[in-house]
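Atoms within a ligand are numbered from 1 in the order they appear, just like the ligands themselves. For this chain, numbers begin at 1 and follow the sequence in order.
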Amino acid sequence: MPVRVRFAPSPTGSLHLGNALTAVANRAFADARGGVLVLRIDDTDPRRVVEGGEEAILADLRWLGIAWEEGPVRQSERSTVYEEALARALEHGATRDDDGAVRLGRTTIARPDGTATYQLASVVDDLDLGITHVIRGSDHRPNLAVQQEIARALGGELPEVIHHGLLLGADGKKLSKRHGHTAVAELRADGIPSAAVRAYLKELGLPTHDVQLDASRLRRFAIDAIAAMSDEELAAAAAAPVSLAPALRGARDLVEARSFAEQILDPAPSALDAAAHPTLERFAELRAGFADPLTEADARSIVRELKAVGGDLRALRLALTGHHRGPELWTVVAALPAPEAERRIVVAGRG
Ligand code: GLU
């Protein structure tokens, strides 16, 4: 039987990393078996529907590179399927309360207004969409017996269910705002490459126990992901010309890469005091000895020679970029055409 899994987020907004782990795990499970991933949006509970929430999830999945073959299947569009199922459940042991709600055993499967609860809708969909394996967080473990009971009342059998351990904050508590940036959209805004988030979640796989979010491991993957990018990819990610790629290489994330590009393209003007003047003059002389464009070897040798004669490299950096910290100095020297380098030296020398 071909494998069919589903990822079923509630549309509450950008996925937190714990949900993204479930998505990655489902995709990996399907890929390993030539299977299909169905994207289902659990939007029957009005308290868990946020305006723009579905769009945010789709954007997260696309950014993460997690494709789905079917869907999004929205539960809000399937009320007739649930009504039919409810009728069947009522014939097989479900009972209606005085207020109109329907229960099977202790579980409410329809609200007084007749709409299906998550428990009913989820089981109906898992059966109806031919899901072969449910892979989800262990916070849903208490739903297993309930959902198996509902499936049987509907004349079916719940697919095999695999519960994975949850991703918790470093303090061992459920991921929440308190833990800082743990939503996919936030990591993206922080300049963590999608490949890094994916690699981190892939490494976790299907944890049997809860695991604590390891921010430094994620940061490590960000550095690896930047190293693995081509010059073109890195420049595009930093919205910089590809000629600046060498300067962006030292960045630990894409926000930093963008700030490195800005230092070169649009520096904050800085005027240095007289102590820096000999360094600036010496640099100008050295730079004048090379035609544009500078090769890496030329740029490195200018910096090396300046250092050898006791030049103040920190002053040069400040003069060229307006910042104390930034890309490797030779990459800045290499990126600036002679007239622009000279202009910055003149401005800085006016201090
Ligand atoms: N909408 C549920 C959630 O986001 C899905 C649960 C399930 O996978 O059955 O937790």
Side-chain angles (χ1 to χ4, degrees), residues 3-30 35-50 52-61 64 66 68 70-79 81-82 85 104 107-111 115-154 156-168 174-176 182-185 201 206-207 210:
V3 163
R4 292 173 58 84
V5 296
R6 74 341 183 245
F7 175 55
S10 302
T12 52
S14 180
L15 298 171
H16 70 69
L17 269 179
N19 285 133
L21 171 69
T22 306
V24 167
N26 273 285
R27 182 72 262 173
F29 189 91
V36 160
L37 172 63
V38 181
L39 177 61
R40 183 179 97 194
I41 304 292
D42 285 3
D43 57 353
T44 51
D45 181 351
R47 287 166 310 176
R48 289 176 64 77
V49 176
V50 170
E54 178 184 322
E55 288 72 21
I57 290 169
L58 299 194
D60 287 347
L61 292 174
L64 284 167
I66 302 173
W68 58 94
E70 290 177 30
V73 176
R74 293 181 196 91
Q75 292 194 324
S76 58
E77 294 169 0
R78 292 171 53 76
S79 51
V81 184
Y82 305 141
L104 185 69
T107 312
T108 303
I109 60 173
R111 302 184 185 92
T115 57
T117 62
Y118 154 72
Q119 300 290 9
L120 177 63
S122 182
V123 173
V124 170
D125 288 344
D126 287 338
L127 298 181
D128 199 48
L129 300 172
I131 300 304
T132 58
H133 300 79
V134 170
I135 300 161
R136 62 187 178 191
S138 59
D139 49 337
H140 285 286
R141 215 187 284 279
N143 293 332
L144 181 59
V146 167
Q147 295 184 350
Q148 284 169 335
E149 189 190 358
I150 296 172
R152 285 187 202 120
L154 297 176
E157 208 42 72
L158 201 68
E160 185 180 329
V161 180
I162 301 165
H163 288 117
H164 63 74
L166 301 181
L167 192 51
L168 306 175
K174 221 177 138 151
L175 276 185
S176 72
T182 56
V184 170
L201 296 175
L206 274 175
D210 293 351

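Here Ser10 has heavy atoms under 4.0 Å from ligand 1 in both its backbone and its side chain.
Looking only at side-chain heavy atoms (C-beta outward), Arg6 and Asp126 come within less than 4.5 Å of each other.
Residue contact check: Asp42 has heavy atoms under 4.0 Å from atoms 1 (N), 2 (C), 5 (C) of ligand 1. Those atoms of ligand 1 with a heavy atom of Tyr118 less than 4.0 angstrom away are 6 (C), 7 (C), 9 (O). Every atom of ligand 1 with a heavy atom of Ser122 under 4.0 Å away is listed here by number and element: 9 (O). Residue contact check: His140 has heavy atoms under 4.0 Å from atoms 2 (C), 3 (C), 6 (C), 10 (O) of ligand 1.
Without hydrogens or angle criteria, Asp43 side chain to Arg74 main chain gives no donor-acceptor distance under 3.5 Å. Looking only at distances, no side-chain donor or acceptor of Arg27 sits under 3.5 Å from a matching main-chain atom of Leu37.
Residue-ligand proximity: Gln147 is placed with every non-hydrogen atom at 4.0 Å or more from ligand 1.
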Would you sort out whether Glu70 and Leu129 count as a side-chain contact (heavy atoms from CB on, under 4.5 Å), showing the intermediate values?
-> CA-CA 10 Å; Glu70 290 177 30; Leu129 300 172; 5.6 Å; no

Check the pair Tyr82, Asp128 against side-chain contact (heavy atoms from CB on, under 4.5 Å), reporting the backbone distance first and the verdict last.
-> CA-CA 10 Å; Tyr82 305 141; Asp128 199 48; over 6 Å; no

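In terms of N/O distances under 3.5 Å, ligand 1 is approached by Ala8.
Arg40 and Ser122 form a side-chain donor-acceptor contact under 3.5 Å, judged by distance and modelled atom types alone.
Scanning the protein heavy atoms around atom 8 (O) of ligand 1, the nearest turns out to be Arg6 NH1, 2.6 Å.
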